[in-house]
Number of protein chains: 2
Amino acid sequence: MERASTTSRKRSILDAALSCFSENGVEGTTIQDIQRAAGCSVGSLYHHFGSKEGVAEALWLDAIARFNAAMLRALEKAESGESAVRSVVTTYCSWTARHAPLARFLHSRDIEFSPAAKESQKALQSAYIHRVFEIFAPFARAGEVAELPLHTYVPLISGPIEAYVRRWLSGDAPSPVKVQDIFAEAAWNAVKGPSAR
Amino acid sequence: MERASTTSRKRSILDAALSCFSENGVEGTTIQDIQRAAGCSVGSLYHHFGSKEGVAEALWLDAIARFNAAMLRALEKAESGESAVRSVVTTYCSWTARHAPLARFLHSRDIEFSPAAKESQKALQSAYIHRVFEIFAPFARAGEVAELPLHTYVPLISGPIEAYVRRWLSGDAPSPVKVQDIFAEAAWNAVKGPSAR
DNA sequence: TTGTTTCTAGAACGAAATTCTAATTAACTT
DNA sequence: AAGTTAATTAGAATTTCGTTCTAGAAACAA
């Protein structure tokens, strides 16, 4: 297992990296920037993360894990297909608003993942998606949610709010909380099934 | 005005850059790669584009301009709100399929725009959006398209298909032509107005 | 203690972006 | 046509920045 000092050093590097990245983008920040902001040496940074990409990847995986956890916490409370679908949209909005810099980093995705990181990412996402479908399965079986090609659900439900949030993050649209009901409504309309019309 | 030889040299650099970027990503390609592929010198490249970022930005703007032009050509043929909305989705699909490398580059957005490029980009987009709303205005006035907050139309219509295409481009979903009708339907449902229900 | 592993430091290195100066080419005057 | 100017190209020189390397400190186990 990992020393306590190691955990906190890693955390401080990730936090420093996030603040540098938000300031100047990934390309725009140097190892020195991160290292100075975290108050550690170059050697320490490389010892823990291997490369600048490595830092970005770790931050990305960390952010996704946190987002997924928040989403699942919300979804597990849902008692109908409709409330689950609406919850995806509203949780997306509120998480993004509460973690704007992280969300901005996730959206910017100016990262080219190493094969190893791609693996971790796929593993993370497929476990998450699996759990999400588990939650939705009973509502789908009851006909409350429509039967559609597998890969269309996520885009249909989250696509619009994601696109909107991207605009908001780059300063081109007002806060998503003001329009979240419109998007929740649209999401539900897009996937509601025969027994819910 | 620009010399003919200049225009073609720029073009050859942009084409070379696109092929290098698709091959190895933006980070992964060096100035030398581009320069060799384009058959020009370092000096020439810097003379025309100022930096590697500058090349990426120019390519991005060029791609967006081409996409916008294709979309407007399609929209100008539409004779109803419904056909216009559906056309956004299907044109998005077909353009993306026909220009996969460009589309992949546009989606990867591992580019950090310089302030100047951000300006050009905003100018381009706002002229485009302005024209799009001009096309939709008569249908909106007739109540065929619903009245919604200004910034929600584009995400509601294009968000889902964009999200789907992103998955397709990264190899996680089958070709969009197979599902474009589902997304066209959803788009129209999301924005159709009182007189169209 | 003493050996062992993990972690930290920062100088040294090398690759790649960028700058700079000189040469070349095209366009325009007169 | 010769001369003048501006645009373009070339490639060597420089700089910046990511990464590697070696030595030493700190935590831990025996």
Side-chain angles (χ1 to χ4, degrees), chain A residues 1-60 105 108 110-117, chain B residues 1-60 105 108 110-117:
Chain A
M1 202 34 220
E2 195 169 73
R3 289 181 199 170
S5 68
T6 299
T7 311
S8 72
R9 162 83 3 132
K10 278 187 170 177
R11 185 77 264 149
S12 78
I13 292 175
L14 290 181
D15 292 345
L18 176 59
S19 100
C20 293
F21 291 165
S22 332
E23 194 90 11
N24 307 311
V26 177
E27 294 244 323
T29 84
T30 71
I31 290 288
Q32 266 201 20
D33 292 338
I34 301 176
Q35 169 237 322
R36 268 201 287 259
C40 74
S41 71
V42 188
S44 180
L45 199 153
Y46 274 86
H47 175 73
H48 292 300
F49 296 101
S51 68
K52 184 168 123 174
E53 278 290 282
V55 176
E57 290 171 354
L59 184 58
W60 206 90
F105 175 70
S108 85
D110 27 21
I111 303 160
E112 277 152 27
F113 285 106
S114 67
Chain B
M1 202 36 220
E2 195 169 73
R3 289 181 199 170
S5 68
T6 299
T7 311
S8 71
R9 164 84 357 135
K10 279 187 170 178
R11 184 76 266 148
S12 78
I13 293 176
L14 290 181
D15 292 345
L18 176 59
S19 100
C20 293
F21 292 164
S22 331
E23 194 90 11
N24 307 311
V26 177
E27 295 244 325
T29 84
T30 70
I31 289 288
Q32 265 200 20
D33 292 339
I34 302 176
Q35 170 236 322
R36 268 201 287 260
C40 73
S41 71
V42 187
S44 180
L45 201 153
Y46 274 87
H47 174 73
H48 292 300
F49 297 102
S51 70
K52 186 169 120 174
E53 277 289 283
V55 176
E57 288 171 354
L59 184 59
W60 206 89
F105 175 71
S108 84
D110 27 21
I111 304 159
E112 278 149 27
F113 285 106
S114 67

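Within every chain, numbering begins at 1; the chains are lettered A, B, ... in the order of the sequence lines, protein sequences first and strands thereafter.
- A/Arg36 has its CZ atom 15 Å from the C1' atom of C/dA9, to the nearest Å.
- Listed pair B/Ser41 / D/dT9 fails the phosphate criterion, with no side-chain N or O lying under 4.0 Å from OP1 or OP2.
- A pairwise comparison of heavy atoms in B/Glu112 and B/Glu57 identifies O-OE2, 3.7 Å as the closest pair.
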| request: Could you go through the side-chain hydrogen bond (donor to acceptor under 3.5 Å, both in side chains) check for B/Ser41 and B/Gln35 one step at a time? | output: CA-CA 6 Å; B/Ser41 71; B/Gln35 170 236 322; over 6 Å; no
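- Following rounding to the nearest Å, B/Arg9 (CZ) and D/dA7 (P) show an atom-to-atom distance of 18 Å.
- Distance A/His47 NE2 to D/dG24 C1': 14 Å, rounded to the nearest Å.
- Across every non-hydrogen atom of B/Ser44 and B/Arg9, the tightest pair is OG-CD, 3.5 Å.
- With sequence neighbours excluded, no residue satisfies salt bridge (charged side-chain N to carboxylate O under 4.0 Å, His left out) with A/Arg36.
- Closest approach of A/Val55 to A/Leu45, counting heavy atoms only: CG2-CD2, 3.8 Å.
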| request: Would you mind building the protein contact string for nucleotides 17-28 of chain C? One character per nucleotide, 5' to 3', B for base within reach (heavy atoms under 4.0 Å), S for sugar-phosphate only, - for untouched. | output: SBB------S--
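- Note on the helix from C/dT1-D/dA30 to C/dT30-D/dA1: angle between the axes of the first and last five pairs equals 10°, rounded to 10 degrees.
- The two atoms that bring B/Ala58 and B/Leu14 nearest to each other are CB-CD2, 4.0 Å, heavy atoms only.
- The shortest side-chain heavy-atom distance between B/Leu18 and B/Asp15 does not fall under the 4.5 Å cut-off.
- Using cut-offs of 30° and 60° for the angle between ring planes, the A/Trp60 and A/Phe113 rings count as perpendicular.
- Under 4.0 angstrom from either OP1 or OP2 of D/dT8 there lies no side-chain N or O belonging to B/Ser44.
- Rounded to whole Å, the distance from CD on A/Gln35 to C1' on C/dG10 is 9 Å.
- Atom NE2 in B/His48 sits roughly 6 Å away from atom C1' in D/dT8 (whole-Å rounding).
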